[in-house]
Amino acid sequence: SLGISQSESEGLLFSRSDILGTARYTSMGGAFAALGGDATASSKNPAGIAVFRNNEFSLTPAYHENFSEGIYYNKTITTGKSNLNIGSFSLVGVQDLKNAGRWKNTAMSVGMNRTATYHQKYSLKGENIGSSILDDYTNIANSLGIASNNLSGAYPFDLYLLWKNYLIDNYSDDSAKYFNNAGVLPIDQGYSVTTTGAKRELYFNFGGNYDDKLYIGAGVANSKIVYERTSTYSEYYDPKDTTTLIDEFSQTYYDKASGRGYSAVLGAIYRPVNALRIGISWKSPEVQRLAYTYESDNVTVEEGISYEELSPDILNYKYRIASPMQTTAAIAYTIKKIGLVSLEADYVDYRMINMRGLADSDPFTNENAAIDNLLKPTINVRGGIDYRITPFISARAGYALFGNPYTKMVQTNGKFEIFSLGGGYQTDDFFIDGSYQYKWSSDQFTLYDPSLVQPATLNSSDHRVAITIGVKI
């Protein structure tokens, strides 16, 4: 099936994060775990909340535009999708501790960060291809040895619809042996995918400042996940092919997932000397409870007449994903009042993702086995610089590399890079920051059995602009 359904890829999708949030944070590649003093950064390392000296409110509107380049059988199609959103908002409160010895202050923050975005649209088109996806489905049906009258119950979303519309059929003397009606001449193929949604995190963080040397903090978060995916695979047949009655057909899958996740984070920042800061944080596994809906349809055109079949069932299912814990180590160095440099790295073992059914306690044996075999630990690195042009104006740049979480057993490449630039203006009363990000990734995959079809290449580039407006209260 070309639909997602629950799999290791879905567990990974909802377990990964991105560099989103305030313009200051995004312009420096998210390298803030040793710095603090930023609303989004305080969710990464809550010790950073204790760096604040003033009460503060900030809001970050953002605009994202994704361009996807699909390459299939030497044909390239470029598509785009845009999205206007709120990247973050936060309220920070600071309490001076005048009679607490070396404890200088405490601080807390509440707010929202957008931690992942799922908006994307891409298309593939190939011409004069010598195989059909029906060849693959025929092989699958024959290997299963399932009788045609059992297809609606066992495989209602793909094999049954293809059989119902006579794209594959069984022999009259053997209901468990199949052939297809794809014809013999080369065909054209198309594939389009549209995804929407985001992961947003509501958080509460609390931290304390000990002697301007040690900052410690803790936080909790409640994330909301909304994800929708529509994918359509199509084939177009040569009118000269007299061995088939099919003009064309399309098979469409609809996936929806939504739910909430809960996590906690601990962190510390230490200043051995004024110019140097060392940060460390630990984020707990996030326990997500999700509701999932899945359905499909098939539209086949034969001799100019259209026939539509809907999946006999709509799958509604509730399940749980436990994401892996994440450890971050960071270092930052300030150069008097000229600027600063910050570097950090995460360690995440994606083999620790665990999936399980909620209502029926399904252990998701196959999915968890795939997670163990196909995913691996990764190290994500980030770096950023901030240069103080004047006492009020700063210029910034950053870079982030998220490693490929897949093993060599699979063709998929989950690596992506983010390049960023930005700047800001601040006074004693307010500040405004701006950032631009360029996110790049490239992947290869096959639409069906790789022995029958060439791989497709998907190059994806995101252009993101964010503006943060803040008021010091």
Side-chain angles (χ1 to χ4, degrees), residues 21-25 28 30-60 88-113 115 200-223 262-284 286 325-334 340 342 344 386 424 426-431 433 468-473:
T22 66
R24 186 175 173 222
Y25 178 83
M28 290 182 59
F32 263 85
L35 291 172
D38 179 88
T40 297
S42 66
S43 291
K44 184 74 175 180
N45 184 352
I49 196 67
V51 176
F52 279 89
R53 298 300 194 197
N54 299 289
N55 301 328
E56 181 182 292
F57 173 78
S58 68
L59 177 68
T60 305
S88 75
F89 66 83
S90 71
L91 180 64
V92 178
V94 179
Q95 177 66 53
D96 287 331
L97 300 178
K98 296 180 180 179
N99 300 311
R102 293 188 176 183
W103 287 100
K104 302 293 185 181
N105 63 271
T106 59
M108 66 177 184
S109 65
V110 293
M112 183 278 295
N113 288 322
T115 59
R200 302 173 183 88
E201 186 177 82
L202 296 173
Y203 63 84
F204 172 80
N205 298 315
F206 181 84
N209 171 5
Y210 182 79
D211 202 28
D212 291 330
K213 287 282 189 181
L214 178 65
Y215 307 85
I216 58 173
V220 292
N222 175 5
S223 63
Y262 303 88
S263 62
V265 61
L266 302 172
I269 298 174
Y270 178 61
R271 295 175 64 186
V273 295
N274 285 338
L276 182 65
R277 296 186 184 188
I278 300 170
I280 188 169
S281 67
W282 174 83
K283 184 176 182 179
S284 74
E286 181 180 61
M325 66 180 184
Q326 178 175 298
T327 304
T328 302
I331 187 169
Y333 189 81
T334 59
L340 59 88
S342 181
E344 65 186 58
D386 184 312
Q426 67 171 340
T427 69
D428 291 337
D429 300 317
F430 80 96
F431 60 90
D433 297 308
T468 301
I469 301 170
V471 178
K472 299 178 182 179
I473 305 169

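Side-chain atoms are counted along with the backbone in the values below, which use heavy atoms only and exclude waters and symmetry mates.
- Remark: L91 CG to N55 CG distance equals 7.5 Å, nearest 0.5 Å.
- Contact detail for A39 and S90: the closest heavy-atom pair is CB-OG, 3.0 Å.
- The shortest side-chain heavy-atom distance between S58 and F431 falls under the 4.5 Å cut-off.
- Here the straight-line distance linking atom OG1 of T327 with atom NZ of K283 works out to 12.0 Å at 0.5 Å rounding.
- Interatomic distance, E201 CD to S43 OG, rounded to the nearest 0.5 Å: 5.5 Å.
- In this structure, the separation between CD on E286 and CG on N222 is 8.5 Å, given to the nearest 0.5 Å.
- Side chain of N45 to backbone of A47: a donor-acceptor contact under 3.5 angstrom is found.
- When only modelled atom types and interatomic distance are considered, T22 and T60 share no side-chain donor-acceptor pair under 3.5 Å.
- The shortest heavy-atom contact between G37 and V51 is N-CB, 3.8 Å.
- Shown here for A34 and I269, the closest heavy-atom pair between the two residues is O-CG2, 3.6 Å.
- Counted within 6.0 Å of CG on D428, heavy atoms from surrounding residues, nucleotides or ligands total 12 or fewer; the atom is thus considered open.
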Do S109 and Y203 pass the side chain to side chain contact (heavy atoms under 4.5 Å, CB included) test, and can you show the C-alpha distance, the side-chain angles, and the key distance before you say yes or no? CA-CA 8 Å; S109 65; Y203 63 84; 3.5 Å; yes

Check against side chain to side chain contact (heavy atoms under 4.5 Å, CB included), K104 and K213: CA-CA 10 Å; K104 302 293 185 181; K213 287 282 189 181; over 6 Å; no

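- A perpendicular orientation is assigned to the rings of W103 and Y210, their planes being inclined by more than 60° (bins at 30° and 60°).
- Counting all heavy atoms, side chain and backbone alike, P46 lies closest to G267 at CG-N, 3.9 Å.
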Please test N105 against R53 for side chain to side chain contact (heavy atoms under 4.5 Å, CB included), starting from the C-alpha separation and ending with a verdict. CA-CA 8 Å; N105 63 271; R53 298 300 194 197; 2.9 Å; yes

The test is side chain to side chain contact (heavy atoms under 4.5 Å, CB included); show your working for T468 and R24 and say whether it passes. CA-CA 8 Å; T468 301; R24 186 175 173 222; over 6 Å; no

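- For residues 262-282, the pairs satisfying side-chain hydrogen bond (donor to acceptor under 3.5 Å, both in side chains) are Y215-R271, with sequence neighbours left out.
- Atom NZ of K44 is separated from atom CG of N205 by 13.0 Å, given to the nearest 0.5 angstrom.
- Within the 3.5 Å criterion, the main-chain N or O of S88 finds no donor-acceptor partner in the side chain of N113.
- When all heavy atoms of A332 and L35 are compared, the pair lying nearest together is CB-CD2, 3.5 Å.
- Partners of A218 by side chain to side chain contact (heavy atoms under 4.5 Å, CB included), not counting sequence neighbours, listed by chain and number: L266.
- Counting only heavy atoms from C-beta outward, the side chains of I469 and L59 never approach each other to under 4.5 Å.
- Within the 3.5 Å criterion, the main-chain N or O of K472 finds no donor-acceptor partner in the side chain of N54.
- The minimum heavy-atom distance linking D38 with T40 is given by the pair OD2-N, 3.0 Å.
- With rounding to the nearest 0.5 Å, the separation of CD1 in I216 from CZ in F206 is 9.0 Å.
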